[in-house]
Amino acid sequence: MDEIAEKWQRKWEEEMAFEVHEDPRKPKFYCLEMFPYPSGSGLHMGHAFNYTIGDIYARYKRMNGYNVLYPMGYDSFGLPAENAAIKEGVHPKEYTEKAISNFIRQQKKLGLSYDWNRIIKTHTPEYYKWDQWIFLQMFKKGLAYKKKAPVSYCPKCQTVLANEQIHDGKCWRHKDTDVEIKYLEQWFFKITDYVEELYNEIDNLKEWPERIKAMQKNWIGKSEGTEIQFMINGKPWRIFTTRPDTIYGVTFLVISAHHPHLYELVTPENRESVDRYIKSLKTVKEEDIETMEKEGVFTGSYALHPLTGEKIPVYAGNFVVAEYGSGMVMAVPAHDQRDFEFAKKYSIPIKVVIQPKDRELKAEEMKRAYTEEGNLVNSEQFTGMNSREAIGKITEYLSKKGIGKKAIMYKLRDWLISRQRYWGTPIPIIYCERCGTVPVPEEDLPVTLPERVRFGEGNPLLTNEEFIRTKCPKCGGAARRETDTMDTFVNSSWYFLRYTDPNNEKEIFSKEKASYWTPVDTYIGGAEHACMHLIYFRFYTKFLRDIGLINYREPVKRLFNQGMVHGPDGVVMSKSRGNVVDPLEMIEKYNVDTLRIYLVSTAGPDKDFIWSDETIQSSYRFVERIKLYFSNVKIGMSDKKTESKLNILIREVTSSVEEFKYNIAVIKLRQFFEYLEDKEEKTESKDVLSSFLKLLHPFCPHITEELWEKIGNNKSGKEFISLSEWPKADENKINLQYEKEEQMAKNLAADINNVAKLIKGKGAKIKKAYVYCLPNEKQGYMDNLEMVKRSIEMDIQVYAVNEKEKYDPQNKAQKAKPGKPAIYLEI
RNA sequence: GCAGGGGUGCCCGAGCUUGGUCUAAAGGGUAGGGCUUAGGACCCUAUGCGCAUAGGCGCUUCGUGGGUUCAAAUCCCACCCCCUGCACCA
C-alpha cells in the first residue's frame, strides 16, 4: 500500500483543500473533463489518462492564483444499466449507484483534485428535474415537438435512435445491427432552428482542434445552391441543386425511392413495377453501400423542363436520399457521375451543356461525366458563358421568372430525443382525450421515474399502470403519461452549468454563480464526441442564452482532445482484445505518482501512445530517486549556478504545462533533477528545493506534498503545496554562462574520449589526462570537472596555458584555442 | 470522393510557428565496459556509413522529386503513402 498517497488524499479531504466558492477578487478558471458513464467495469486507462491530464492543468492553474472550478459527476442514465437489469436481474438504479461509488473510490485513488462537494448524478430526480424543465421551456417555444416521421430503430436496443447515433446504417452500440426504418410518432428538438449559428460559429472556436471543427462542419453539412421548381402533372415539385449552370442538360428527374410522396407520381400502369422495385430495395440494402449500383424505375410521370418546356421522365431511384433537400434531384448525366451511370444503364439521353476549354465533348463518346468548369453550350441565351458565372446568372433568371431561388441546404436534421426505454429522463408530457398533448406544469416537476417496473420485451415503463395513469393538468380528467424517455445526451448537454450550483432546489442554477464560473475555460475529453455531445452541448448553450439564463454563445473556450491509450501490443486497449492495463493495478504495483507522470511522459497528451511496461519502470525509478534524494539533502545555501538552472526550469515548465506539452515539462524536470542528483554538494536552499517540488507537483502531487512537508513547509498541516504559489522565473538569476561552460566541458569530455579511442586502438593504456585551456576558461572547466571525470573514466588535471608549474612533456599547451583546450593523454 | 491530421534515426517520440548552434532532445532497446560471488539495480561509453596511431576528415540521412536561400527536417510547389471522420448530400 502506498502510505504517502493515502495520507495526503486523506488530508486533502479532511481539510477540504479543493473546495471552491465564488470569489470576485480572484480570476476564475473552469477546468472540465467529460464526465463518465459509470460502467460496471470501473475505471479504465483511458479514464485515468483523461483525468490526469485535467488534474495536472487544474493544479497548475490553482497554483497560479486562479479560483479553479474542477468538478466531477456521472452521466448515469443509459442503456448498459438497463441491459444489465435484463441480464442479471439487478435494478438499474442499484447497478448504477454501485458503479458510481466504485468510480468515486477509484478516482480518489488517482489523487484528483476535484471539489467533491459538487458531484452530480444525472439519474437523480434532483438533476433530471431540470432536464424536464428545459424540455418544457423548449416546448413553450415550439422547439420540442412531436411528429410522425420515418425514424431509425435499433432492434437490439429496442428503441429509436438519433441520426448522430447511426454509423454506416448501423446502431452506434451494435456495429453488426442494421437500423430499421419505422414510421413512428416521436419527440424532436428543433436543433435546425440553430443550424446557421451552429455552423457559422465554428470558425470562432479558435482554441478547438481543427479535426473536431472539420467534423462538425462536415456533419452540419452546409451547401449553397439553387432551388428550382419543376411542374409534374400540373403540380410544382422542388428540387435542390448546386449546379444550376447545367440546367439545360437535364434529361430526367429522380425522386428518392424512400420519398414519402413517391406514390403521388406513380401512374397506375407503373404501380406494379415500382412496388416490385421498392420491395427489392430491402435485400440490396444489406450489401455494401459502396458497391451498390445506381438503380431505379420509371414512375410513369413526366416533368416539364422549367426553361425549355421539354417532357422529362421522372424515375424513382436508390441513390437519392429522401431526407436531404427535397428528396428529389434533377439529373444531368453529362455532368454528374451518378446521373451518368444511371442514364447509361437505362439508355436515357445524355446532353452536353458544358464544354471544356481544351477539347470537345461528344455525348456518345463519353466514358464518364464531365464535372469541371467550362463554357456553356446548348443553353439558349447562356450559351458561351463560363459555367461558374452561369451559376449565378441562371439562378437570377429563374428567380425573376418565379421558378427558382438561391437556397442553403444543411444536412443536420432535428434531434430525435424519444427513447422507448426505461433508464432515462421521463418526458414531462400528459395525453388527455379532451385536451390533447399537455405539458406537465413546472410546479409538478420532477416527473419521477418509477422504480417498480418489469424488464423484458418492450418499454418497461408500460408495465407500471400507476405511473401511466394520471390526471390532466388542464381539465382534471383521466389522462395518460408519455412513456418515452429522453436520449441520455440530453442530460449531458448542460451539466457544466449545474456544477456551478449543484444543490439548488429552486432553480436550474443561480444566474450569478453561473455567470461567475462559466463558460468552461478548458474542456478535456476524447474525439468520439465531436458530432454528438459537442453539437448538442453547443445547441443547449444557445438555447439557454435565448431564454436569458446565460449571456454567451459558446460553452467552451478551449477544447482539448486526448489521445488513445494503446495496449503493449500496439492496438487500442479493449477488453475483447485482452490487452488492457488496469490503472488500479498499476497504482498497486508502483504508486499513483508513477502512473500519473508515466501517462504524460511518452508523448504529448493529444497523441495516441503505446503502453510500455519498461518505460513505466523508468518513471518509477525517477519517483523513487526523488524520495531518496530528499532524504539525504541538507538545507542550506544553493549556489548561483543551481539558481540559474532553476529559473530556466521555471520558465520552461511553465510554458510547457500551459501549452499541454506535459512530456516536455517532464523531460526538463528530469534533467534538472539529474543535475541536482549529480552534484557533489548535497546542500540546497529551501527555496530551490521548494520550487522544484512545486514544478513537479501537478504531475506527482503526493510525493511532492510529502517532501514539501519534510523540508519544513507545512508546519500547521494545512499549508499544502497543492495550494502554494507557482514559482515565477527570476530573469536576473539566469546566467547562460553556466550553460555554455557546461557545454564546453561536455565537448572536452567528448574530445578526450575520441583521442583515447584512437590511442587505445593501438593497444595503449592511459594513465591520466592533462588539459591546457585559456586562463579565462579554467574556472568553467574546474566547475564541471566531476562531470568530465565521470564520462572519461580517468584522472584529469586542468592547467591554464600560462601556468608556469604545469606538467606538459609534449608541449601540447600551445595548441589550445578558445573553447578548445589542448589535451595530453599520458600513456 | 470530400475534409482534418500525419510520415523523423533500431523502436518510441521532440524539433518545423521565429531557416543556421541538427546526425537531430528525452525515453526505450541493443552492444561494450565498470561495479558485483552472481543476477538485479546503479554508473560510463557507443549506437547512419567509411577512413584516421591525438581531438580530424569525407559521404549519406528527417516520405519522394523539384524549388527558394550563402544555408532547409524546418519555407514554397508537385507527387506518393498512412491514420481519422463523413460519405450515392444533388
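Protein chains get the first letters and strands the later ones, always in sequence-line order, with residue 1 at the start of each. Since the structure is predicted, the reported quantities are computational estimates derived from the model, not experimental observations.
Using modelled atom types and a 3.5 Å distance limit, the side chains of Glu739(A) and Gln743(A) yield no donor-acceptor pair. At a cut-off of 3.5 Å, with distance as the only test, no side-chain donor of Glu164(A) or Trp415(A) sits close to an acceptor on the other residue. Residues Ser223(A) and Thr242(A) have side chains that never bring a donor and an acceptor to within less than 3.5 angstrom of each other.
Summarising the local packing, NZ of Lys345(A) is surrounded by more than 12 heavy atoms from other residues, nucleotides or ligands at distances under 6.0 Å.
When all heavy atoms of Ala749(A) and Val788(A) are compared, the pair lying nearest together is CB-CG1, 4.1 Å.
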With B for base contact, S for sugar-phosphate-only contact and - for none (protein heavy atoms under 4.0 Å), nucleotides 53-58 of chain B reads BBBS--
Contact string for nucleotides 18-31 of chain B, one letter per nucleotide 5' to 3', B = base within protein heavy-atom range under 4.0 Å, S = sugar-phosphate only, - = neither, reads -------BSSSS--
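The ring of Phe622(A) has its center closer than 6.0 angstrom to the ring center of Phe673(A). Separation of the Phe342(A) and Tyr315(A) ring centroids falls under the 6.0 Å cut-off.
Across C86(B) and A14(B), the matching C1' atoms stand 32 Å from one another, rounded to whole Å. Comparing the same atom, C1', in C59(B) and in U23(B) gives a spacing of 13 Å after rounding to whole Å. Comparing the C1' positions of C2(B) and U68(B) gives an interatomic distance of 32 Å, to the nearest angstrom. U17(B) and A31(B) are spaced 39 Å apart, taking the P atom of each and rounding to whole Å. With C1' as the reference atom, G28(B) and G34(B) are 22 Å apart, rounded to whole Å. Here the separation of G29(B) from C83(B), taken at their C1' atoms, is 26 Å to the nearest Å. A distance of about 23 Å separates the P atoms of U84(B) and C79(B), rounded to the whole Å. Comparing the same atom, C1', in G5(B) and in C11(B) gives a spacing of 22 Å after rounding to whole Å.
One interatomic measurement links the two molecules: CD of Glu624(A) to C1' of G40(B), which rounds to 16 Å at whole-angstrom precision. Rounded to a whole Å, the CD atom of Glu372(A) is 13 Å from the P atom of G1(B). Across the protein-nucleic acid pair, Met532(A) atom CE and G85(B) atom P stand 12 Å apart, rounded to whole Å. To the nearest angstrom, C1' of C12(B) lies 15 Å from CG of Asp569(A). Distance, Met409(A) CE to A90(B) P: 10 Å, rounded to whole Å. In this structure, CD1 of Ile792(A) is placed 15 Å from C1' of C43(B), rounded to the nearest angstrom. With rounding to whole Å, Tyr629(A) atom OH is found 18 Å from C42(B) atom C1'. Ile391(A) places its CD1 atom 13 Å from the C1' atom of A90(B), with the value rounded to the nearest Å.
Take Ala322(A) and apply the side-chain contact (heavy atoms from CB on, under 4.5 Å) test, not counting sequence neighbours, and it matches Ser256(A), His258(A). Ser152(A) pairs by the side-chain hydrogen bond (donor to acceptor under 3.5 Å, both in side chains) definition with nothing, not counting sequence neighbours.
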With both pairing distances under 3.5 angstrom for Watson-Crick or G-U wobble, and | for a partner in another strand, the correct string for RNA chain B is ((((((((.[[...)....(......]]((((((.......))))))((((....))))...[[[[[..)....]]]]])))))))....
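Between Lys767(A) and Glu826(A) no salt bridge is recorded (no basic side-chain N to carboxylate O distance below 4.0 Å). For Lys344(A) and Glu341(A), the salt-bridge test fails: no basic side-chain N is under 4.0 Å from an acidic carboxylate O. Taking 4.0 Å as the cut-off between side-chain N and carboxylate O, Lys213(A) and Asp203(A) do not count as a salt-bridged pair.
Counting any heavy atom pair closer than 4.0 Å across all strands shown, Val320(A) reaches a base atom. Contact annotation for Gly604(A): backbone-only contact, meaning every heavy-atom pair under 4.0 Å involves sugar-phosphate atoms and none involves a base.
Geometrically, Lys778(A) does not engage Tyr799(A) in a cation-pi contact, judged by NZ or CZ lying under 6.0 Å from the ring centre and within 45° of the ring axis. Both the sub-6.0 Å distance and the 45° axial angle are satisfied by Lys645(A) relative to the ring of Tyr675(A).
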Identify all pairs in which a protein N or O lies below 3.5 Å from an N or O of nucleotides 3-7 of chain B, and state each distance.
unit_1: G4(B); atom_1: O2'; unit_2: Arg211(A); atom_2: N; d: 3.4

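At a threshold of 4.5 Å between non-hydrogen side-chain atoms, the residues Glu777(A) and Pro818(A) count as touching.
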